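Take a look at the structure below.
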There are 2 protein chains.
Amino acid sequence: MRRSPATRRQFLHAMGRAGGFSATYLSMQAMGLLATPASAQTTKPNLPAGSGAGKHVVILGAGIAGLVAAYELGKAGYRTTVLEARGRVGGRVWSVRGGDRVEQIGRPDQYCQFQNGFYMNAGAARLPTAHTTILGYARQFDVPLEVMVNVDRSAHWDYNKDAVTERQAVNDTKGRIAELLEKSLAGNSLDTAMTPDDKEKLKTYLAQWGALGKDGSYTGSDRNGYKVDPGGFAHPPQTMDPLTLHRIIEDGFWGGGLSFEETFDQQAPMFQPVGGMDRIAYAIYGHVKDDVRLNTPVTAVGQIDNGVRVMLADGGMVEGDYVLCTLPATMVKKLTMRLSAAKKQALANTLYGISTKVAWESPRFWQDDGIMGGLAFTDQPNALVWYPSGDWYNPRGILMTAYSSGGFGPTPGVANGASSAGQKFAGMTADERFAVCKDVVERMHPGKSGLLEKPLTVSWTQTPWSEGIAANWRPEQRTTDYAELCKPEGRVFFAGEHLSYIGAWQEGAALSSFEAMKLIAARSAGDKVVTRKA
Amino acid sequence: MRRSPATRRQFLHAMGRAGGFSATYLSMQAMGLLATPASAQTTKPNLPAGSGAGKHVVILGAGIAGLVAAYELGKAGYRTTVLEARGRVGGRVWSVRGGDRVEQIGRPDQYCQFQNGFYMNAGAARLPTAHTTILGYARQFDVPLEVMVNVDRSAHWDYNKDAVTERQAVNDTKGRIAELLEKSLAGNSLDTAMTPDDKEKLKTYLAQWGALGKDGSYTGSDRNGYKVDPGGFAHPPQTMDPLTLHRIIEDGFWGGGLSFEETFDQQAPMFQPVGGMDRIAYAIYGHVKDDVRLNTPVTAVGQIDNGVRVMLADGGMVEGDYVLCTLPATMVKKLTMRLSAAKKQALANTLYGISTKVAWESPRFWQDDGIMGGLAFTDQPNALVWYPSGDWYNPRGILMTAYSSGGFGPTPGVANGASSAGQKFAGMTADERFAVCKDVVERMHPGKSGLLEKPLTVSWTQTPWSEGIAANWRPEQRTTDYAELCKPEGRVFFAGEHLSYIGAWQEGAALSSFEAMKLIAARSAGDKVVTRKA
């Protein structure tokens with residue numbers, strides 16, 4: 001893979017002389033050579049004010065990538081027109097509220113009945129602190145944030161149809177692992193390069209880390225909870241008997257729930273906008289509203305002399321200097337657009353993941369069990385139950401009882417993981433999904449599933465204008481299909497979460513949009529201003 | 001220890017006949033036999049309305065135990081008088097605000113300069129979800145809660161004067177442990193009772209749990225963070241090189257920070273009242289205000305015919321039917337009061353822990369590093385840096401740069417852990433403490449310690465009317481000194497966090513108060529109403 005840096009530099013230097021900065025930049029981008037330092041990656045494109053004067057960018061899609069582009073390009077003096085097929089902005093950032101219609105392809109419409117102020121984040125629902133770009137917009141536009149509780153040790157996990165608390169799952173696993181390793185160290189059976197001193201220290205630390213007893217065995221501690229809670233006066237606690245190693249292995253929650261909270265983008269703390277995830281998208285929208293045309297699906301994109309022409313489903317058309325297409329690959333495929341064979345193939349190779357959620361309005365019975373936010377995992381096809389954060393004293397709230405993924409949407413000629421839990425759950429009728437959820441909730445909260453009301457389900461593969469939750473790149477595709485889709489096609493540029501290394505997140509959509517804007521700016525700097533009818 | 005249940009039951013049955021319910025209950029309490037089921041422990045005493053009519057309880061101390069007693073006894077018809085030495089309620093629940101004076105024994109006074117709305121929770125600062133009693137009062141009295149972020153994987157831990165992120169400490173430790181155990185399993189060197197099937201499954205799970213590679217080695221993953229962050233287009237991430245096992249062992253953060261977050265009372269999620277921890281105490285105070293006398297230190301407690309007499313420092317006195325003394329043992333010792341030899345000895349044996357905090361007003365430079373709440377641990381004597389939760393868009397906030405404990409306050413004839421970090425830090429001058437803090441903050445946030453302003457320090461051993469943060473019971477004291485202090489002394493009853501198994505927490509104070517109220521009610525039911533001058 002490594003070529004001589006000299007050769008590469010020579011080539012780029014030659015390109016720079018021939019076509020100016022823009023040509024160099026485009027080539028570097030296309031070659032995947034523009035790895036900027038970490039700190040530079042999340043900075044905005046910083047387009048000089050007025051640099052876009054006289055240029056018109058037609059943006060397809062008013063999701064995060066499109067809205068961010070409209071805002072930033074607008075600040076630099078570009079004229080922008082955002083064409084959005086839906087009657088709302090946000091794309092896969094969708095907070096469903098009472099009165100909203102939920103349309104799913106090939107299925108009956110659902111109407112949300114939630115009480116005023118309640119919402120279901122059908123798509124994006126979390127903000128990690130590492131996502132400084134999207135958090136930056138939230139801050140810039142004063143969108144109030146609250147902590148999104150992603151971990152609750154009181155949650156009841158349902159594996160093998162026998163619920164345990166998360167604190168048992170997490171801490172008994174830790175304890176059993178520490179116990180096993182301690183045995184191994186004590187028996188000197190482990191052949192390692194450790195010094196005797198390190199080995200002794202390790203044994204001490206292991207005991208603290210895993211809450212082992214003096215004899216190196218794990219018999220539980222307050223970490224896995226109490227059988228009898230501590231109280232005042234003559235009320236000593238009784239600690240919980242730990243799960244056996246066999247039970248832990250059988251239940252198999254290690255790989256799922258136990259690993260989840262340490263995934264980079266899921267680490268504590270996490271945040272959410274107060275009132276629904278779409279608040280950030282709508283805050284940006286508030287600054288570009290005049291340039292956004294809702295309910296305006298696009299059918300075709302054509303390149304004309306010194307410009308682009310976009311055909312609309314209503315028979316109209318919009319002309320401009322450039323197109324920034326932020327539609328998901330699933331929708332790009334359906335546009336009438338002249339594309340290179342390489343790009344067509346790349347689009348065909350791009351698989352989109354499945355994601356299905358179910359939410360209910362309900363009294364907050366889980367708070368009676370000491371659960372305030374967080375996730376409860378299950379081995380059933382609904383995958384997890386997600387408790388609401390915030391609004392703690394409201395007697396009612398929205399309980400998410402499924403967030404099921406895995407496998408891909410149907411793609412001709414591609415094995416799509418039809419046997420995965422995600423695929424299975426998405427294939428169920430709404431009522432079948434609700435039944436799975438109630439069954440799991442009943443095991444987690446005996447006697448309470450009957451309190452769940454007004455269910456709603458959204459599966460992104462079945463959602464018009466998305467038809468998938470996010471691109472699912474195999475690592476080897478990054479240098480082929482992914483790299484190809486990042487390349488502009490003449491005057492048509494592309495962006496979206498699928499053109500980032502932070503897939504399925506708003507942050508990735510925004511950062512890919514930044515990269516696309518840099519390309520547009522570079523191209524724009526070399527293009528003449530064309531007078532065109534408005 | 002175990003006696004024949006029949007014998008015990010016979011004894012109690014006889015007691016019941018002789019003295020009615022109250023005598024039985026008191027005996028059972030004294031014998032430590034009233035272990036109620038878990039669900040019953042956190043319930044209120046449920047004193048029948050009007051059951052306290054004609055009875056006057058003099059309550060010493062307006063901390064949580066005292067305020068809860070005033071509220072609950074008042075509801076049952078008791079007359080209560082709460083005598084509080086300080087000019088505020090809350091006791092060791094103390095939110096220091098701009099304009100407040102901080103008095104420390106033998107040290108110069110400090111005056112808090114924080115801007116309006118800011119506070120330092122000098123004492124209690126967290127609410128675990130398991131503490132349903134104190135959370136119940138917060139809810140009953142509509143005290144707004146927000147999440148107290150107790151864990152932030154972006155925090156920088158300072159061990160061996162070379163900071164690493166918490167995500168490195170946590171996940172590299174996990175990875176290295178999994179790797180070691182995997183080696184042990186792979187080499188068949190571990191003699192366990194595991195079935196071959198379990199062993200194979202364990203290897204698979206271990207790989208997921210510890211993010212091991214296919215060869216069983218740990219080379220890092222996204223869990224320990226990125227050297228180069230992921231971005232859009234041609235910006236792939238570079239994962240962090242993992243800490244070596246040797247480094248992890250040397251740094252020794254396993255026992256400290258790594259175990260802390262899984263301690264039962266510290267597990268996620270945690271909460272805090274918006275605006276300061278004292279909001280709950282003040283909410284209860286709002287309902288008993290007329291019965292509370294602030295700035296009223298007590299000097300002596302005497303039992304008189306059919307009642308009690310409490311002497312005040314101002315020369316006055318208050319008479320009543322019973323005293324509920326909620327003062328810490330450190331203060332009970334100083335009262336003139338006739339106590340049994342056993343109780344005097346128990347008081348002498350009761351050690352109180354040290355706890356020293358330092359807080360500053362500062363611009364929120366840590367949020368620029370992606371830190372939003374949570375704790376950063378250090379091996380220096382300040383123990384940790386604690387970032388503020390909430391008020392996220394405020395450019396300034398209160399940063400707690402020390403919460404140092406360990407060792408006991410000076411106690412005649414008792415080794416007090418003078419060499420502990422907690423003792424050392426408490427022994428420093430305020431300026432010395434501030435210097436330690438700045439040094440640690442500088443390593444965690446290079447170039448930023450100069451932004452810290454308006455420092456304030458509170459050490460509970462040096463705080464008048466407390467002289468310690470909480471009783472520190474050795475397990476064997478529970479059946480001797482602790483049990484003795486739970487017993488009433490004639491008409492004088494006792495409560496406080498020190499008389500609970502949830503020491504140092506508001507919950508323990510409230511639950512011990514419940515137990516004391518049950519004793520008072522039982523005693524009161526057998527006592528005649530005495531007419532007494534008001």
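First the proteins, then the strands, lettered A, B, ... as listed; each starts at 1. The structure displayed is predicted, hence computed values, not measured ones.
- Contact annotation for Asp142(A): both backbone and side-chain heavy atoms come within less than 4.5 Å of a heavy atom of chain B.
- Note on Lys201(A) versus Asp197(A): salt bridge recorded, some NZ/NE/NH1/NH2 to OD/OE distance being below 4.0 Å.
- Note: Val151(A) leads Leu135(A), Val151(A), Asp265(A), Ile248(A) in heavy-atom pairs under 4.5 Å with chain B.
- Using bins of under 30°, 30° to 60° and over 60° for the plane-to-plane angle, the ring pair Trp366(B)/Tyr387(B) lands in the tilted bin.
- The heavy-atom pair separating Lys203(A) from Leu185(A) by the smallest distance is CG-CD1, 3.9 Å.
- At a 4.5 Å heavy-atom cutoff, the contact between Asn171(B) and chain A is made by side-chain atoms alone.
- Most heavy-atom pairs under 4.5 Å with chain B: of the set Ala516(A), Pro269(A), Pro144(A), this distinction falls to Pro269(A).
- Using a 4.5 Å cut-off between heavy atoms, Phe494(B) contacts chain A through its backbone alone, with no side-chain atom that close.
- Pairing each heavy atom of Ile249(B) with each of Asp198(A), the nearest pair is CD1-O, 3.7 Å.
- Within the cation-pi definition used here (under 6.0 Å to the ring centroid, within 45° of the axis), Arg478(B) qualifies as a partner of Tyr501(B).
- Proximity to chain A is absent for every atom of Ala207(B), based on heavy atoms less than 4.5 angstrom apart.
- At a 4.5 Å heavy-atom cutoff, the contact between Val149(B) and chain A is made by side-chain atoms alone.
- Counting heavy-atom pairs closer than 4.5 Å to chain B, the top residue among His246(A), Glu166(A), Gln266(A), Met372(A) is Met372(A).
- When each of Glu497(A), Glu250(A), His131(A), Glu146(A) is scored by its heavy-atom pairs under 4.5 Å with chain B, the top score falls to Glu250(A).
- No part of Ser221(A) comes within reach of chain B, as not one of its non-hydrogen atoms sits under 4.5 angstrom from that chain.
- Ion pair Arg223(B)/Glu261(A) not flagged as a salt bridge, since none of the NZ, NE, NH1 or NH2 atoms sits closer than 4.0 Å to an Asp/Glu carboxylate oxygen.
- Per-residue heavy-atom pair counts under 4.5 Å with chain B were compared for Leu245(A), Asp152(A), Val170(A), and the maximum is reached by Asp152(A).
- Taking every heavy atom of both residues into account, Ser513(A) and Ala495(A) meet most closely at CA-CB, 3.8 Å.
- Residue Ser389(B): no heavy atom, backbone or side chain, is found under 4.5 Å from chain A.
- A donor and an acceptor atom, one from each side chain of Ser259(B) and Gln208(A), are nowhere located under 3.5 Å apart.
- Considering every non-hydrogen atom in both Gly232(A) and Tyr482(B), the closest pair reads C-OH, 4.0 Å.
- The residue among Ser512(A), Ala268(A), Ser500(A) with the most heavy atom pairs within less than 4.5 Å of chain B is Ala268(A).
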